[in-house]
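This report concerns only the one structure given below.
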Amino acid sequence: MDRARLLIIGVTAIAVAACEKVPIVDINAGFSLADVAWFEEENTLFVFYQANAEQGLGPESQLELTVRTDHFELPWTPLSQLDTVHTHVPVDCGPKSVCGSTSLALGERPRDVRLRLRYHRAGEMTLNAPVALNIIGRGAAHTNRSLLVYGVFDETNTHVQWRARHQFPTLRNHDVQKYGLRRHFSIADRRHGAIAANFGENPYGYGSVQSCPGALPSLDFGPVETTERAVFDVGSLPLSASESPVVCARSTVTDAKGGTFEAVALARKNPQVRPAFPVLRSPITENTPIKFMLRPCRREISSPHYAMQEQRLFLEDASEICIDNWNAPGFVDELATQFRTRIDQVRTQGRDMVLVLGFHHDDTTGRLGTVLEEALQRVLPFERDKSSPRVTGAFVYDSVAHVVARPELRRLVLWCPPNHTVDDLDEVPVAASSTCPAVSERPDLELGPFRFNQIPILATRAQYLRFIQKYSEAQAGRMTSMSFRAPEHTPLSVNIPIGEFGIATFYNNEILTAEPGDAFSYCPDADKRRIVFRLPGSPTPMGLEVLPELHQLAPQPAYALGLFWDFPFLLKAQYESYLAGSVTAYSFSVPFGIVSSNEETWASGLWTTGEFPMGDILAQCTRFCDHPTFDSSVTYNVQALFRDAYRVQCYRPMFPRPGDGGFPHDP
């Protein structure tokens with residue numbers, strides 16, 4: 001055996017020994033993207049790639065491509081040595097990746113395309129890619145070409161932004177841009193007017209007509225061009241173009257087949273939208289309380305309870321009505337007459353009124369409560385629909401719990417105390433329902449050892465006496481103020497009952513006018529006030545949420561607007577309790593129509609203002625309503641036409657602006 005042969009054997013042995021000591025490490029090498037698309041209309045092959053590895057990638061790594069057709073074969077060639085059709089800028093995908101794109105002219109359908117990574121251009125180690133090959137044959141420009149051009153408008157509908165949109169089978173617009181492909185396009189020969197294009201099949205309108213109609217007025221703008229994805233036009237539309245729904249232009253893009261490709265590009269104006277009715281105004285004023293104390297005059301029931309009722313409602317100066325003979329014939333008539341007489345006296349002051357009645361008695365049969373109901377029935381329904389000054393309703397503070405039986409009175413009378421079935425307030429459940437729901441205006445209120453509904457603010461006689469027996473009159477607290485607020489009525493005001501408690505009021509001929517082609521957008525998130533409308537000749541109030549659909553199906557020239565009230569007035573009070581050795585002062589309200597004191601009430605805040613904004617609730621499109629829309633992220637939703645997409649969702653668009661950059665959000 002000669003020396004050379006021994007040397008080779010020795011080197012091999014050393015190499016084997018070395019391999020036995022070095023561990024094999026998985027560097028997680030692979031292709032996360034290897035997409036190839038050939039467009040027959042363009043004779044162009046596009047390649048997009050991204051290879052990743054924990055080690056081994058560097059400036060000397062390179063991508064190589066081989067392509068075979070029926071009559072041509074490109075051997076393995078580094079992408080950097082190929083002539084590209086389009087511009088491809090370098091892309092940085094991080095230190096453990098190589099990525100990018102390329103494009104080459106190819107006049108025949110590819111039969112086989114392969115892509116590989118060579119870790120070092122001078123080395124032998126390569127990594128083959130699992131190529132996804134897409135063939136896009138001949139067809140319409142808006143579906144069978146890799147780029148389309150379209151226009152959008154700014155908020156004023158006077159400035160056009162022209163955009164290029166990449167169209168690849170397996171890659172989105174932003175991804176194509178991310179991997180370095182840049183396309184040059186230019187815009188020229190703009191005209192404005194109406195275009196008879198089929199936007200259903202071709203939503204962007206690219207190449208939808210052969211050319212811009214010569215009969216349309218021309219815009220005297222010079223050409224614009226860019227390799228960015230968007231560029232604002234050089235001029236703004238003249239006043240004469242205000243009614244024109246579309247701007248038509250000739251767009252030119254680079255192409256492997258003959259250098260360029262021309263097609264019509266269209267820009268459709270944004271829907272012209274405004275608040276349907278900016279604000280409803282209805283003055284809400286403090287009502288004058290007309291106070292009465294109804295009690296037996298020939299006997300005493302409970303002086304502590306009487307004093308509590310008197311203090312709670314500030315009835316020290318109230319007119320007194322003796323109820324000893326409440327069973328006598330004509331008592332109801334007499335009671336109603338006293339109410340009417342006092343109402344007419346106070347009406348001359350020019351303010352709305354509310355009856356405030358302390359009802360001190362010991363009848364547990366409910367018959368005395370029925371007598372008072374009948375007297376109120378003879379007064380209140382006739383006052384409710386009057387023009388101000390009027391009686392908005394009545395507040396009754398009874399000695400016992402009583403549920404109003406007359407349906408019409410349930411909308412007009414707030415009858416307290418709550419209908420709790422226990423005499424010990426300590427046993428009232430936290431979520432107990434109530435016909436007299438006192439609602440604290442501080443949800444986080446802490447009342448020492450008590451919950452809010454355990455304080456005898458408006459308690460029955462039995463509940464109050466039990467409380468002061470267990471604790472004290474000081475801990476029972478005292479009312480420090482009380483007020484009643486209600487909306488004023490005009491001579492044109494109309495009340496329409498809704499449900500058990502509610503009233504829809506149409507105040508002063510507030511109407512929303514509309515054309516048959518108009519469209520509406522209702523925003524449920526903003527509708528905290530429950531504004532209602534009704535059709536001409538129809539008394540039935542409806543919520544604004546049905547107006548967009550109704551107008552679409554059966555358009556009306558006008559819709560009357562009103563407000564839905566859960567209750568005719570709002571009682572607001574300040575209260576003070578002596579709990580745990582300290583004074584706690586707080587506010588509360590007593591609204592109608594809320595059965596649980598734990599339910600959220602928006603009443604208090606809305607009853608302190610006379611303005612009810614509608615601008616964020618209902619939007620009205622008066623022109624270009626069948627055009628696409630922008631959303632709040634400045635994304636152009638070409639399939640979301642205002643008329644169809646925004647009937648029951650908020651329309652909060654953001655628009656492109658000159659100077660905001662050339663890369664719009666366009667997934």
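What you are looking at is a predicted structure, and each value in this text was computed from that prediction instead of being measured. Side chains are part of it too, since the values below use all heavy atoms of this structure and drop only hydrogens, waters and symmetry mates.
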| field | Donor-acceptor contact present, side-chain Thr348 to main-chain Gln345, <3.5 Å | value | yes
| query | Where does the angle between the aromatic ring planes of Tyr586 and Tyr575 fall among parallel (under 30°), tilted (30 to 60°) and perpendicular (over 60°)? | reply | tilted
| message | Tell me if the CG atom of Leu239 is crowded by more than 12 foreign heavy atoms within 6.0 Å. | response | no
| said: Can you tell whether the side chains of Arg347 and Glu383 come within less than 4.0 Å, N to carboxylate O? | reply: yes
| task | Take Asp385 and Arg390 through the side-chain contact (heavy atoms from CB on, under 4.5 Å) test and state the conclusion after the steps. | result | CA-CA 8 Å; Asp385 297 333; Arg390 64 191 179 97; over 6 Å; no
| note | Smallest heavy-atom separation, Pro296 atom then Ile323 atom, equals N-CG1, 3.6 Å
| Is there a side-chain contact between Ile284 and Phe612, using heavy atoms and a 4.5 Å cut-off? | yes
| query | Hey, what's the ring geometry for His305 with Tyr464, parallel, tilted or perpendicular (30° and 60° as the breaks)? | reply | tilted
| query | Checking Glu515 side chain against Thr622 main chain: does a donor-acceptor pair fall under 3.5 Å? | reply | no
| Any Leu535 side-chain heavy atom under 4.5 Å of Thr540 side chain | no
| Student check: side-chain heavy atoms of Met654 and Thr635 closer than 4.5 Å | no
| message | Using a 6.0 Å cut-off, check whether atom CD of Glu243 has over 12 heavy atoms from anything other than its own residue. | response | no
| field | Under 3.5 Å: donor-acceptor pair, side chain of Arg652, backbone of Asp616 | value | yes
| message | Please determine whether side-chain contact (heavy atoms from CB on, under 4.5 Å) holds for the pair Leu376 and Leu409, giving the CA-CA distance in whole Å, both sets of side-chain angles, and the decisive distance to 0.1 Å. | response | CA-CA 8 Å; Leu376 293 172; Leu409 278 186; 4.2 Å; yes
| remark: Heavy atoms of Phe506 and Ala560 approach each other most closely as CE2-O, 3.5 Å
| message | Once rounded to the nearest 0.5 Å, what's the spacing between atom NZ of Lys572 and atom CZ of Arg485? | response | 8.0 Å
| said: Please evaluate residues Leu372 and Leu357 with respect to the criterion side-chain contact (heavy atoms from CB on, under 4.5 Å), reporting the C-alpha separation (whole Å), side-chain torsions for both, the decisive distance (0.1 Å), and the verdict. | reply: CA-CA 10 Å; Leu372 180 55; Leu357 309 179; 4.1 Å; yes
| said: Below 30° counts as parallel, above 60° as perpendicular, anything between as tilted: where do the rings of Phe339 and Phe292 land? | reply: perpendicular
| task | Let me know which of His551, Glu510, Arg534 forms a side chain to side chain donor-acceptor pair (under 3.5 Å) with Tyr559. | result | His551
| Salt bridge check: are Asp362 and Arg299 linked by an N-O gap of less than 4.0 Å? | yes
| Between Ser521 (side chain) and Ala619 (backbone), is there a donor-acceptor pair under 3.5 Å? | no
| said: Any non-hydrogen side-chain atom of Thr480 less than 4.5 Å from a side-chain atom of Arg478? | reply: yes
| query | Where do Ala476 and Ile455 come nearest, in terms of heavy atoms and distance? | reply | O-CG2, 4.4 Å
| said: I need the Glu316 CD to Leu313 CG distance, nearest 0.5 Å. | reply: 9.5 Å
| Ring-face cation contact, Tyr397 with Arg312, 6.0 Å cut, 45° max | no
| message | When you measure from the side chain of Ser388 to the backbone of Asp352, do you find a donor-acceptor pair of N or O atoms at a distance under 3.5 Å? | response | no
| said: Could you check whether any side-chain heavy atom of Leu641 comes within less than 4.5 Å of a side-chain heavy atom of Pro628, counting everything from C-beta outward? | reply: yes
| query | When rounded to the nearest 0.5 angstrom, what is the spacing between OG in Ser399 and CG in Asp363? | reply | 10.5 Å
| task | Without swapping roles, check the side chain of Arg643 against the backbone of Asp518 for a donor-acceptor pair under 3.5 Å. | result | yes
| task | Determine the sole option in Val634, Asn157, Asn270 for which the side chain to side chain contact (heavy atoms under 4.5 Å, CB included) test with Phe655 is passed. | result | Asn270
| task | Give the minimum heavy-atom separation between Ser302 and His360, together with the two atoms involved. | result | O-CE1, 3.6 Å
| Would you find a donor on one side and an acceptor on the other, under 3.5 Å apart, between the side chain of Arg410 and the backbone of Val404? | yes
| Does any non-hydrogen side-chain atom of Leu547 lie less than 4.5 Å from one of Met542? | no
| message | Checking the side chain of Thr505 only, and the main-chain atoms of Gly562 only, is there a donor and an acceptor separated by less than 3.5 Å? | response | no
| request: Find the distance between CG (Leu412) and CG (Leu380) and round it off to the nearest 0.5 Å. | output: 5.5 Å
| Glu545 side-chain N/O to Val648 backbone N/O, donor-acceptor pair under 3.5 Å | no
| field | Distance-minimising heavy-atom pair for Phe630 and Phe153 | value | CE1-O, 3.8 Å
| Where do Met308 and Ala459 come nearest, in terms of heavy atoms and distance? | CE-O, 4.1 Å
| task | Could you tell me the separation between the CE atom of Met479 and the CD atom of Gln574, rounded to the nearest 0.5 Å? | result | 10.0 Å
| query | Around atom CZ of Arg657, are there more than 12 heavy atoms of other residues, nucleotides or ligands at under 6.0 Å? | reply | no
| query | What class does the angle between the rings of Phe624 and His627 fall in, given that below 30° is parallel, 30 to 60° is tilted and above 60° is perpendicular? | reply | parallel
| task | Would you check if the side chain of Thr392 reaches a backbone N or O of Val354 as a donor-acceptor pair within less than 3.5 Å? | result | no
| What distance do Cys523 atom SG and Leu618 atom CG have between them, rounded to the nearest 0.5 Å? | 10.0 Å
| Arg295 to Tyr306, cation-pi by 6.0 Å centre distance and 45° axis angle | yes
| Would a 4.5 Å heavy-atom cut-off, applied to side chains only, mark Tyr646 and Asp631 as touching? | yes
| query | Side chains of Thr629 and Asn637: do they bring a donor and an acceptor to under 3.5 Å? | reply | no
| query | Take atom CD in Glu320; do more than 12 heavy atoms of anything else shown fall under 6.0 Å from it? | reply | yes
| query | Can we call the ring centroids of Tyr471 and Phe450 under 6.0 Å apart? | reply | yes
| task | Flag the pair Leu512 / Phe520 as yes when at least one side-chain heavy-atom distance between them is below 4.5 Å, and no otherwise. | result | yes
| request: Verify side-chain contact (heavy atoms from CB on, under 4.5 Å) between Gln454 and Asp426, making sure each step is shown before the conclusion. | output: CA-CA 6 Å; Gln454 292 177 318; Asp426 292 349; 4.1 Å; yes
